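Letters go in sequence order (proteins before strands), and every chain restarts at 1. Small disclaimer: the values here were computed from a predicted structure and weren't measured.
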Number of protein chains: 2
Amino acid sequence: MAKEKDVTIYDLANELNISVATVSRALKDDPVVSKKTKKKIFDLAEKMGYRTNLFARNLRTGATRTIGFLVHELNSNFINSVLSGVEKITTEAGYDLIIAHSSESYTKEAANARNLFDKRVDGLIASLSFDTRSTDHFRPFIDKGVPVIFFDRVEKVKDTTVVVIDNYKCGYEATSHLIEQGCKKILHVTSSLSRNVYAERYRGYRDALFDNGISLDEKLVVVNDLSERAGIESAKKMMAIDPLPDGAFITNDFVAAAFIKALKEHGISVPGDVAVVGFNNDAIGHLIEPTLTTINYPGIEMGEVAATALINHLKGVSNISRINTVIINSDLIVRESSLKKGK
Amino acid sequence: MAKEKDVTIYDLANELNISVATVSRALKDDPVVSKKTKKKIFDLAEKMGYRTNLFARNLRTGATRTIGFLVHELNSNFINSVLSGVEKITTEAGYDLIIAHSSESYTKEAANARNLFDKRVDGLIASLSFDTRSTDHFRPFIDKGVPVIFFDRVEKVKDTTVVVIDNYKCGYEATSHLIEQGCKKILHVTSSLSRNVYAERYRGYRDALFDNGISLDEKLVVVNDLSERAGIESAKKMMAIDPLPDGAFITNDFVAAAFIKALKEHGISVPGDVAVVGFNNDAIGHLIEPTLTTINYPGIEMGEVAATALINHLKGVSNISRINTVIINSDLIVRESSLKKGK
DNA sequence: ATGAAAGCGCTAACAA
DNA sequence: TTGTTAGCGCTTTCAT
């Protein structure tokens, strides 16, 4: 198949004996061009299979109408709901999305950021990876005036906006709920405490214990990744503790599911012996047995809020740099896995 | 923050009193430029924060080193493993990925295809959405000589390569396994039969029944989408059948999980009353109870194979147009949900 | 080993 | 309402 030469506005202009300027204007539906000429041009463009050369346009205008979406992983329900929220808004506004994920690696995240910068995105929506130690890779965007919005896993960087839930409150509520159910010794399975989300939930856990007169035992805090293996390992770790904890607050539903499964295989009953609360409200939570008590984390809404703020800023409707932090509602969903007392 | 002007090769050239041609050559590590000059240029580029303008380059060269990845959904484990396989290969080869998903909509798929075409991707890897009725939107790629590879949900289009598993065989094996376990009346829950994957699995189901002297009952074939709701509805549908079927072959693990859950809630035991086989080998399969018998569908491998074929073609190492179809291995994983006979 | 200059396809300021 | 023309930043051919 021979590569056909692309049709350009010059071809259209030649064919119709008009200038490229008119063609260019017609193509962007400039009201200054007469209906007749427009029609002629559109028809011919269609007929000749004309496609805008975006590189030429971008080169010329310096704007790409493209938003970067930079996240740690794509295979998480939460990130996917955020993505669909973002996509809804950006699509409506006529922006394209370039998605990059870092597989939880700082190096890859930095490389992706660099890449998105080179691709000249008009704005960036990002959630940090596990081991991101610095936010220097976002500097170029900020210096150049490209708006950056962080969500979920965030870091306060000057001139950026963050969209989050109140992780502290959620951690506090989850833990309080377990205490209300009679738990006295509560395991906390979480991830890198240098990430805000986990650090905040941990603070909530700690304060809830404190406020209820339970002393914090560092041995009950298990830091791991968000894999199935992490759930199984945490379960093993817990079973080695004597006496056995009677509750567990796990910052991820998938990990919680694996955790519960492992416990049950060793004859430990949930919630009878150990009450469990997860986090995120993934679909898996009501497919397992017992169904999982969890924190509802509204991803779609978060994505919509983040994208709307960004788009409004780009349109000049509002100025993002005034907004420091947006907090989205979230709440505890009580199901079977935590109910020691019956309903 | 004022938008700083981008540094260009002209700035570098001016600063060093050399020509832009030399700078351009140095930047792409052309051996013809002396080491000394190169070093000067690289150092200055670093110091001034120079970043290549990809639009200018692409406009000039006509190649983008970008691959399009066009799929129906992103929130599926299977698609995500394919993606990670693809990404591994493309990244190694120095290609970027643009990801587009159509939310199972034909219209959106066509729009995405058009968009990727405008973005001038060098190649395309795609899996069709549910209700895709035509493949005309891939024509422009083929006509222009841009290689297209389909995987999973495919359609034979001239001059394209497809990467698939043997869905017929899998359907046959899953059904035969249920029959071996003593099932005589087997429900089949699947999705749009106009998509190759479901059509083939259905053929396998039908032939396995036939080969075992069981007559096909169209009322036992339930076509639905791949949602949790689909699982629940299918369960309800089945419970209305008298006498109750004793086996179910469900072409998606997630749907199967919801299905089993619904049955159990109505006091029907799995596998005791109904033996169940799923499809895909998602993580959820061994977190639920009973653990789910399923077909292993190796996404990563599939992604690697598809991407490798594409890249090799682009590099001119091999010619894709010779290859019609690649079939990836897949097999039955027997777990608890289908074992009526014990092990 | 380096430079001069044309041109990729498009937009927009200015002119008519 | 339409046309002319100067670039956007880069690569590459042809000279030197």
Side-chain angles (χ1 to χ4, degrees), chain A residues 3-42 44-45 48-66 94 96 117-122 140 144, chain B residues 3-42 44-45 48-66 117-122 140 144:
Chain A
K3 308 216 180 204
E4 294 171 17
K5 195 78 193 58
D6 284 331
V7 180
T8 72
I9 54 172
Y10 286 93
D11 300 325
L12 299 180
N14 273 336
E15 197 78 12
L16 296 171
N17 274 312
I18 54 177
S19 76
V20 291
T22 304
V23 175
S24 173
R25 288 188 194 107
L27 257 17
K28 52 186 288 218
D29 216 13
D30 192 321
V32 88
V33 181
S34 79
K35 292 247 182 209
K36 267 189 234 164
T37 347
K38 254 187 207 166
K39 171 133 179 46
K40 276 198 304 189
I41 293 172
F42 278 121
L44 184 66
M48 296 183 67
Y50 168 81
R51 324 269 32 232
T52 304
N53 184 319
L54 294 174
F55 300 125
R57 171 186 292 169
N58 294 338
L59 176 59
R60 186 52 228 250
T61 60
T64 59
R65 291 195 80 75
T66 294
D96 279 332
F117 185 76
D118 282 356
K119 287 247 165 71
R120 303 281 203 277
V121 294
D122 290 346
K144 201 180 153 200
Chain B
K3 309 215 179 202
E4 293 172 18
K5 195 78 193 60
D6 283 333
V7 179
T8 73
I9 55 173
Y10 286 93
D11 300 326
L12 300 180
N14 273 335
E15 196 78 13
L16 295 171
N17 273 314
I18 54 178
S19 76
V20 291
T22 303
V23 175
S24 173
R25 290 189 191 104
L27 256 18
K28 52 186 289 220
D29 217 13
D30 191 321
V32 88
V33 180
S34 80
K35 294 248 181 210
K36 266 188 235 162
T37 341
K38 255 186 209 168
K39 173 137 178 44
K40 276 197 305 189
I41 294 172
F42 278 121
L44 184 66
M48 296 183 66
Y50 169 79
R51 325 267 31 230
T52 303
N53 185 318
L54 294 174
F55 299 125
R57 170 184 291 167
N58 293 339
L59 175 59
R60 189 50 230 250
T61 62
T64 60
R65 291 194 80 75
T66 294
F117 185 75
D118 283 355
K119 287 248 164 70
R120 304 279 204 278
V121 293
D122 290 346
K144 200 180 154 199

Any A:K35 side-chain nitrogen or oxygen under 4.0 Å from OP1 or OP2 of D:dT1 = no
note = OG1 (A:T64) and NZ (B:K119) are apart, to the nearest 0.5 Å, by 8.0 Å
query = Please give, in whole Å, the distance from D:dC10 P to B:D11 CG?
reply = 9 Å
request  = Would you state whether a donor and an acceptor, one from the side chain of B:Y10 and one from the base of D:dC8, lie under 3.5 Å apart?
outcome  = no
ask   = How long is the line joining NZ of B:K38 and P of C:dA1, in whole Å?
value = 9 Å
d(NZ, B:K40; P, C:dA1) in whole Å = 14 Å
inquiry  = Main chain of A:V20, side chain of A:S24: is a donor-acceptor contact present, judged purely on distance under 3.5 Å?
reply    = no
remark   = Of B:A56 and B:V23, the one whose nearest nucleotide on DNA chain C sits closer to the 5' end is B:V23
query = Under 4.0 Å between a side-chain N/O of B:T22 and OP1 or OP2 of C:dT2, yes or no?
reply = no
key: Closest nucleotide among C:dG3, D:dT4, D:dT11 to the B:I9 side chain   = D:dT11
Sugar-phosphate only, base, or nothing, as touched by B:T8 at under 4.0 Å among non-hydrogen atoms = sugar-phosphate
message = Whole angstroms only, please: what is the CG-C1' distance between A:N58 and C:dC8?
response = 14 Å
request  = Check for a donor-acceptor pair, side chain of A:N14 on one end and backbone N or O of A:D11 on the other, with a separation under 3.5 Å.
outcome  = no
query = Rounded to whole angstrom units, what separation is found between the CG atom of A:L27 and the P atom of C:dC10?
reply = 8 Å
key: Separation of B:L54 CG from A:L59 CG (nearest 0.5 Å)   = 11.0 Å
ask   = Any side-chain N or O of B:S24 under 4.0 Å from OP1/OP2 of D:dT11?
value = yes
query = Within less than 4.0 Å of OP1 or OP2 of C:dA1, is there a side-chain N or O belonging to B:K36?
reply = no
inquiry  = When you measure only distances, ignoring hydrogens and angles, does the side chain of A:R51 come within 3.5 Å of the base of C:dG9 through a donor and an acceptor?
reply    = no
ask   = NA contact type, A:V32, heavy-atom cut-off 4.0 Å: base, sugar-phosphate, or nothing?
value = base
ask   = A:T37 side chain N/O closer than 4.0 Å to the phosphate oxygens (OP1, OP2) of D:dT2?
value = yes
key: Interatomic spacing from NZ in A:K40 to CG in A:N17 - rounded to 0.5 Å   = 9.0 Å
message = Rounding to an integer number of Å, can you tell me how far B:N17 CG sits from C:dG3 P?
response = 9 Å
note = B:N53 CG to C:dG9 P, in whole Å, measures 16 Å
inquiry  = I want to confirm an ordering. Mapping B:P31 and B:V20 to their closest nucleotides on DNA chain C, which one lands closer to the 5' end?
reply    = B:P31
query = What is the distance from CZ of B:R60 to C1' of C:dA5, rounded to the nearest Å?
reply = 11 Å
query = Does OP1 or OP2 of C:dT2 have a side-chain N or O of B:S34 closer than 4.0 Å?
reply = yes
query = Any Lys/Arg nitrogen of A:D29 or A:K38 sitting under 4.0 Å from an Asp/Glu carboxylate oxygen of the other?
reply = yes
query = Closer to the 5' end of DNA chain D via nearest nucleotide, is it B:A21 or B:L59?
reply = B:L59
inquiry  = Counting the atoms with a prime plus P, OP1 and OP2 as sugar-phosphate, which does A:L54 contact under 4.0 Å by heavy atoms, base, sugar-phosphate, or nothing?
reply    = nothing
